[in-house]
Q: 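Pasting a structure below so you can have a look.
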Amino acid sequence: MTMPRAARTAAALLPLGLLVVLLFSCQGGAPRGSASALATSAPEGGPIGRASFEDEPSIRVRIFRGMPSLEVGAEHPLIVSSPATGETRALVPPVSIEASEGGVVARAVGTEIRAPAGGHLELIESSDAIYRVGPDADESSIRVAGRLAVHPVRDGSRLDGVLELPIERYLPGVLAAELIPGWEMAAFEAQAIAARSYALHERSRSRASGRRFDVESTTLDQVFEGETSNTRAIDAVERTRGQTLLAPDGLLLRAYYSSTCGGRPATASSVWPSEGELSFNKTAPLRGRVRDCPCDESPLYRWERTRGREEIRARLRAWGASAGHDLRRVGRVLSLEVERTSVTGRPERFKIIDDAGAVYRVSSENLRVAMNTTAPGQPAITRQTRVPSGDLEATVASGRVVLRGRGFGHGVGLCQFGAQGYAEQGHSAERMLRRFYPGARIERLYR
């Protein structure tokens, strides 16, 4: 049942941090990968972006990054192996996993198993066996199923946890994290197809480059909450099984999405690099086009933020220093103006002039990131103070800067609140995806 407007708006406030495509928003920065990675062939999937699967593929999700230790709990003994030594043991939970002399050690009452320096441990579980893993045994752990590989990182003193599981088992945990539980089934189905397409595209890139994981479990790729009881998420994945978005050239579409486009979609090549290996960002379905998008029920459809000039200067400088941008030298901001817009009217580039007369140019997405960058002496960014998107206008007066904007996230591809709006109007997932990704087609890649 669809929630009333007021109830949906109130509920939306809770998961806003998860409703990205954000960052690189599902998704949160420039696409990863070396310059040579996309010129090679990808195991199992053919050349990069080619869609060829005989069976349902697996996906490797980095669920923990740079942890000092991990705790695993289950209602049954856990099978742990060290691929480097060939040793396998059954450990009775709880199991503690720690970095040890460049390798990894897993301990339980009365026994342990070690991987040598340069090695890793694998928790071998069937896709149906559910266990909990986290930095400790409290509520910060998540319920997962599949094979967990624990690798030493950062000179062997920290651990990464990479979960491998069938992609159709992975997707419900993405939908449950990315959408509001009471939304329409058609919105969930559209999100399932987009999330599957994004994951398969990143999987192809990852395996070509030799990276040990395919996607992050955060807004750097797609938020993943582990096993879920959200029936809409589960049903939507089942109903769209194998359905994936393909670009006009037949390659997998990197189906970006974000929370709220604010009525003005963005173009991928204006948000992220698009040359060489990243040329997929130039594909026609990822170009922003004028459209009506019913995302006006989003709490961030329109927004306003006020910042002091010194805070603006400090954050711009901090971002400039980390990004190697000239803004690291910016002075007191006198003006912040839109210099270039897209065909949809969305700002693509800003011009900043400081009190020394210096002129700085920055993309709208980088401005958004800069405005939210941690800076010495400045307050922590909160949900209430965060600049939600780069689709904004600024008024500089006295000692403050007033930012008025629209939407939340980068604005490329599917708009999540827009998908719910279309679903309420009776649109099918296929129909709304044609609006969000013009020229793309849906194809079932495996059964």
Side-chain angles (χ1 to χ4, degrees), residues 20-33 35 219-220 254 256-283 286-290 300 303 305 307 312-331 333-354 358-375 381 386-396 401 403-413 415:
V20 338
V21 269
L22 2 80
L23 296 170
F24 124 76
S25 186
C26 345
Q27 305 146 185
R32 299 179 298 271
T219 55
L220 288 172
R254 191 177 183 82
Y256 297 108
Y257 54 88
S258 61
S259 168
T260 310
C261 72
R264 299 200 292 207
T267 294
S269 60
S270 296
V271 176
W272 303 292
S274 58
E275 300 302 322
E277 62 163 303
L278 306 179
S279 61
F280 52 77
N281 281 327
K282 293 180 179 178
T283 188
L286 298 181
R287 295 174 191 160
R289 304 184 188 186
V290 176
L300 293 174
W303 51 264
R305 302 288 187 266
R307 298 273 180 90
I312 293 284
R313 176 175 181 254
R315 295 194 191 281
L316 292 177
R317 281 193 162 197
W319 176 81
S322 64
H325 192 280
D326 287 346
L327 276 171
R328 64 185 179 275
R329 296 188 293 267
V330 70
V333 174
L334 294 184
S335 69
L336 198 168
E337 301 175 355
V338 176
E339 186 173 57
R340 187 182 71 207
T341 61
S342 68
V343 295
T344 67
R346 190 182 182 103
E348 292 186 336
R349 187 171 67 195
F350 286 84
K351 179 174 70 174
I352 299 171
I353 302 176
D354 68 11
V359 178
Y360 303 88
R361 290 177 170 85
V362 62
S363 73
S364 60
E365 182 66 8
N366 283 339
L367 179 64
R368 174 173 80 104
V369 175
M371 289 290 187
N372 298 319
T373 295
T374 300
I381 294 293
R386 178 173 298 277
V387 173
S389 81
D391 188 353
L392 59 86
E393 295 178 352
T395 301
V396 182
V401 179
L403 306 172
R404 295 182 178 87
R406 54 176 73 201
F408 177 33
H410 51 65
V412 178
C415 168

Q: Residues two or more places apart in sequence or in another chain: which of them pass side chain to side chain contact (heavy atoms under 4.5 Å, CB included) with Asn372?
A: Arg307, Arg368, Ile381, Arg386, Val387
Q: Quick check: does any side chain N or O of Ser363 sit under 3.5 Å from a backbone N or O of Asn366, one acting as donor and the other as acceptor?
A: yes
Q: Under the side chain to side chain contact (heavy atoms under 4.5 Å, CB included) rule, what do Glu348 and Arg340 come out as? Steps first, then yes or no, please.
A: CA-CA 6 Å; Glu348 292 186 336; Arg340 187 182 71 207; 3.2 Å; yes
Q: For Leu392 versus Phe350, what's the shortest heavy-atom pair and its separation?
A: O-CZ, 3.4 Å
Q: For Thr267 and Asn281, run side chain to side chain contact (heavy atoms under 4.5 Å, CB included): C-alpha distance rounded to whole Å, both residues' side-chain angles, the deciding distance at 0.1 Å, then the answer.
A: CA-CA 8 Å; Thr267 294; Asn281 281 327; over 6 Å; no
Q: So, do Phe408 and Ser258 sit near enough that their side-chain heavy atoms are less than 4.5 Å apart?
A: no
Q: Looking only at heavy atoms, what is the nearest atom pair of Pro347 and Ser364, with distance?
A: O-OG, 3.1 Å
Q: Mark yes or no for whether Ser274, through its side chain, and Lys282, through its backbone, hold a donor-acceptor pair below 3.5 Å.
A: no
Q: Checking Ile312 against Val396 for the side chain to side chain contact (heavy atoms under 4.5 Å, CB included) test, could you report, in this order, the C-alpha distance in whole Å, the side-chain angles of both residues, the deciding distance, and whether it holds?
A: CA-CA 11 Å; Ile312 293 284; Val396 182; over 6 Å; no
Q: Got a sec, which pairs hit salt bridge (charged side-chain N to carboxylate O under 4.0 Å, His left out) with one end in residues 260-270, sequence neighbours left out?
A: Arg264-Asp391
Q: Measuring from atom CD1 of Ile352 to atom CD of Glu337, what distance do you get when rounded to the nearest 0.5 angstrom?
A: 10.5 Å
Q: Minimum heavy-atom separation for Ala266 to Val271, with atom names?
A: CB-CG2, 4.1 Å
Q: Are side-chain heavy atoms of Glu365 and Leu367 found at a separation under 4.5 Å?
A: no
Q: What verdict does the side chain to side chain contact (heavy atoms under 4.5 Å, CB included) test give for Val412 and Trp272, after you've listed the backbone C-alpha separation in whole Å, the side-chain angles of each residue and the deciding distance to 0.1 Å?
A: CA-CA 10 Å; Val412 178; Trp272 303 292; 3.9 Å; yes
Q: Examine distances only and state if a side-chain atom of Thr344 and a backbone atom of Pro265 form a donor-acceptor pair shorter than 3.5 Å.
A: yes
Q: Looking at side-chain heavy atoms only, is the closest gap between Leu403 and Met371 below 4.5 Å?
A: yes
Q: Can you name the closest pair of heavy atoms from Trp303 and Arg406 and give their distance?
A: NE1-N, 3.3 Å
Q: Kindly compute the distance separating OG1 (Thr395) from CG (Leu336), expressed to the nearest 0.5 Å.
A: 10.0 Å
Q: Identify the two heavy atoms, one from Ala375 and one from Ala314, that lie closest to each other, and give their separation to 0.1 Å.
A: CB-O, 3.6 Å
Q: Are the side chains of Glu339 and Arg349 in touch, meaning some heavy atoms are under 4.5 Å apart?
A: yes
Q: Is there a donor-acceptor pair under 3.5 Å between the side chain of Arg328 and the backbone N or O of His325?
A: yes
Q: Do Val362 and Trp319 touch side chain to side chain, with heavy atoms closer than 4.5 Å?
A: yes
Q: Can you say whether the rings of Tyr256 and His410 are parallel (under 30°), tilted (30 to 60°) or perpendicular (over 60°)?
A: perpendicular
Q: Between Arg404 and Glu393, does the salt bridge (Lys or Arg N to Asp or Glu O under 4.0 Å) criterion hold? Intermediate values first, please.
A: CA-CA 5 Å; Arg404 295 182 178 87; Glu393 295 178 352; over 6 Å; no
Q: Which atom pair, heavy atoms only, marks the closest approach of Phe280 to Arg254?
A: CE1-CD, 3.2 Å
